[in-house]
Number of protein chains: 2
Amino acid sequence: MMEQKSNKGQQTRELLLEAALQQFAANGYHGTSMRQIAETANLAVGGIYNHFASKEEILKAVILQYHPLNVIAPELADAQGASFESLTRDAAQRFYAAIKARPILLNIFFIELVECKGAHLPELFESLLPRVSLFAQRLVTLDPRLRPLPPLVVMRIFLSMLMGFFITETLFAQIPGLPQQMGNLDDFVEVLMRGLLLPEQSGKE
Amino acid sequence: MMEQKSNKGQQTRELLLEAALQQFAANGYHGTSMRQIAETANLAVGGIYNHFASKEEILKAVILQYHPLNVIAPELADAQGASFESLTRDAAQRFYAAIKARPILLNIFFIELVECKGAHLPELFESLLPRVSLFAQRLVTLDPRLRPLPPLVVMRIFLSMLMGFFITETLFAQIPGLPQQMGNLDDFVEVLMRGLLLPEQSGKE
DNA sequence: CCTACCGATCGGTAGG
DNA sequence: CCTACCGATCGGTAGG
């Protein structure tokens with residue numbers, strides 16, 4: 001009980017962040033009003049300003065907390081696997097599970113690029129890069145058959161493939177009458193892994 | 001001279017679309033005002049409504065015309081190559097050139113997903129799917145070593161890889177102090193092609 | 001195609 | 001943390 005000193009304020013702040021996340025993801029930053037955020041959080045407009053100085057500050061907090069790269073980074077750090085294939089598969093699975101659990105996070109990614117012009121990326125990457133580099137290093141040293149690419153390039157291709165999977169999935173979800181089977185994550189991961197490995201030297205030349 | 005009958009109106013309309021494209025890409029849909037669009041096009045607010053019924057109609061026209069998938073589709077149709085590798089490389093190069101020429105088109109993609117919730121995708125895909133399917137068919141029938149995936153799945157992986165390349169490039173462009181060499185398109189295309197081909201059967205089993 | 005205007009809503013605040 | 005309000009700006013239109 002005594003431990004919950006400033007808990008109430010923190011709780012309301014978290015509630016506001018969740019409300020803002022929902023609204024921003026649904027309507028974009030400029031498409032969301034402070035009234036909408038307040039309403040979603042069951043607060044009056046004025047109440048918001050006890051927790052955030054401005055609408056922009058809310059967006060900043062939402063992005064630093066909910067940007068998908070920030071959500072995925074710890075998953076990569078936790079990924080397990082003794083071989084290149086098993087580590088890649090586990091990382092991809094964790095990636096998949098994290099986004100599936102909150103698909104709207106992808107919209108935060110887009111909003112940051114368009115409406116913020118990437119203004120928070122430097123701050124975001126400051127904490128991200130070390131963790132991601134570590135994973136890249138782990139991945140790259142696991143297999144001598146890997147193409148001779150810098151670890152961060154391998155990482156970039158890994159991220160591109162998975163981001164592409166989710167973006168195209170979002171795309172296809174909104175289109176009726178598409179052919180049923182449009183591929184699944186395993187197809188992507190197989191292509192990715194095979195592509196990152198050098199072709200076997202089957203002849204002597 | 002006589003041929004230019006209704007040309008003036010069409011020219012102003014095009015001018016407005018270009019102005020709207022610039023502003024939407026820079027600030028998002030809700031972040032752009034009719035005044036800004038008018039100003040960029042050197043028009044008064046009221047003048048816009050001689051060409052478009054509403055702000056939403058402008059956005060719709062911008063998306064149907066400038067959505068990157070719509071810009072890339074003809075490039076894929078024009079791509080040449082007698083082998084799987086050469087066709088893939090040519091298509092990727094055309095893709096690359098088209099986006100490089102107008103990187104802001106990517107923002108239209110994002111705006112459509114977030115602020116329009118993909119509302120224009122069905123109409124967009126109606127004209128896109130046949131052309132893209134044709135390319136996918138062409139690609140898939142060129143090489144028996146290809147993984148046994150449906151042509152549209154191959155297409156999806158191709159698109160994912162290239163979209164991922166550009167999105168990560170946009171990402172990295174905004175971050176100072178990144179390692180210099182972060183990979184180029186050729187790396188992506190090599191990984192993509194090798195990944196799409198089945199591994200060589202080097203043993204007898 | 002422009003000027004001048006409409007009601008509505010915006011982000012934010014004073015005062016309690 | 002809410003009520004009631006601020007000036008500014010929004011999308012859109014009437015009238016010419």
Side-chain angles (χ1 to χ4, degrees), chain A residues 4-64 108 111-112 114-117 119-120, chain B residues 4-64 108 111-112 114-117 119-120:
Chain A
Q4 300 191 356
K5 271 229 189 76
S6 69
N7 249 6
K8 183 68 187 310
Q10 273 299 323
Q11 272 178 32
T12 307
R13 193 191 142 97
E14 280 303 320
L15 198 70
L16 273 168
L17 278 183
E18 273 291 335
L21 168 66
Q22 297 297 336
Q23 296 299 317
F24 287 156
N27 318 304
Y29 173 69
H30 289 104
T32 299
S33 71
M34 295 297 270
R35 269 89 180 161
Q36 281 175 275
I37 297 175
E39 216 166 293
T40 307
N42 285 316
L43 237 66
V45 225
I48 297 183
Y49 293 88
N50 294 317
H51 301 271
F52 298 95
S54 67
K55 192 183 172 190
E56 278 197 19
E57 285 299 314
I58 304 182
L59 179 59
K60 182 179 175 180
V62 166
I63 287 174
L64 291 182
I108 300 302
I111 288 169
E112 213 281 326
V114 176
E115 298 191 88
C116 305
K117 298 166 196 183
H120 309 91
Chain B
Q4 300 191 359
K5 271 232 188 78
S6 69
N7 249 7
K8 184 68 188 310
Q10 271 300 321
Q11 272 180 31
T12 307
R13 194 192 141 98
E14 281 304 321
L15 197 70
L16 273 167
L17 279 182
E18 273 291 334
L21 168 65
Q22 297 296 335
Q23 295 300 317
F24 287 156
N27 318 303
Y29 173 68
H30 288 104
T32 299
S33 70
M34 293 298 270
R35 269 89 180 160
Q36 281 174 273
I37 298 174
E39 216 166 293
T40 308
N42 286 316
L43 237 66
V45 226
I48 297 182
Y49 293 89
N50 294 317
H51 301 272
F52 297 96
S54 67
K55 192 183 173 189
E56 279 198 18
E57 286 299 312
I58 303 181
L59 179 60
K60 182 179 175 182
V62 165
I63 287 174
L64 292 183
I108 300 302
I111 289 168
E112 214 280 327
V114 175
E115 298 191 88
C116 305
K117 297 166 197 186
H120 308 93

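In what follows, chains are A, B, ... by sequence order, proteins preceding strands, each numbered from 1. All of these numbers come straight from a predicted model, not from anything done at the bench. Every heavy atom of this structure was used, including side-chain atoms; hydrogens, water molecules and symmetry mates were not.
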Whole-Å distance separating the CD atom of B:E39 from the P atom of C:dC2
12 Å
Separation of B:R13 atom CZ from C:dC1 atom C1', in whole Å?
17 Å
Of all the heavy-atom pairs spanning A:F52 and A:A61, show the shortest one and how long it is.
CE2-CB, 3.9 Å
Measuring from A:Q10:CD to A:E14:CD, what's the distance to the nearest 0.5 Å?
6.5 Å
What does D:dG15 pair with, Watson-Crick or G-U, if both distances are under 3.5 Å?
C:dC2
For residues B:T32 and B:Q23, report the shortest heavy-atom separation together with the two atoms involved.
OG1-O, 3.0 Å
Distance, nearest 0.5 Å, that separates CG of A:N27 from CD of A:Q22
10.5 Å
So, for A:Y29 and A:K55, which heavy atoms are closest and what is the spacing to 0.1 Å?
O-NZ, 3.0 Å
Measure the spacing between CD1 of B:I48 and CE of B:M34 and express it to the nearest 0.5 Å.
4.0 Å
Smallest separation among heavy atoms of A:I63 and A:C116, with atom names:
CD1-SG, 3.8 Å
Starting at CD of A:Q10 and ending at P of D:dC1, how long is that distance when rounded to a whole Å?
12 Å
Looking at C:dT9, which nucleotide sits across from it as a Watson-Crick or G-U wobble partner, both distances under 3.5 angstrom, or is there none?
D:dA8
Atom NZ of A:K55 and atom P of C:dT13: how far apart are they, to the nearest Å?
14 Å
Roughly how far, to the nearest 0.5 Å, is CG of A:L16 from NE2 of A:H51?
6.0 Å
In whole Å, what is the span from the CD1 atom of A:I58 to the P atom of C:dC10?
14 Å
Could you check which residues of residues 43-53 of chain B get a heavy atom under 4.0 Å from DNA chain D? Sort them by number, please.
B:G46, B:Y49
Would you indicate, yes or no, if D:dC1 has its OP1 or OP2 atom less than 4.0 angstrom from a side-chain nitrogen or oxygen of A:T12?
yes
Whole angstrom is fine here: how far is it from NZ in A:K8 over to C1' in D:dC1?
9 Å
Which residues within residues 23-38 of chain B lie with some heavy atom under 4.0 Å of an atom in DNA chain D?
B:T32, B:S33, B:M34, B:R35
Please report the distance, rounded to the nearest Å, between CD in B:E57 and P in D:dT13.
12 Å
If we only count heavy atoms from C-beta on, is the A:I58 to A:F24 side-chain gap below 4.5 Å?
yes
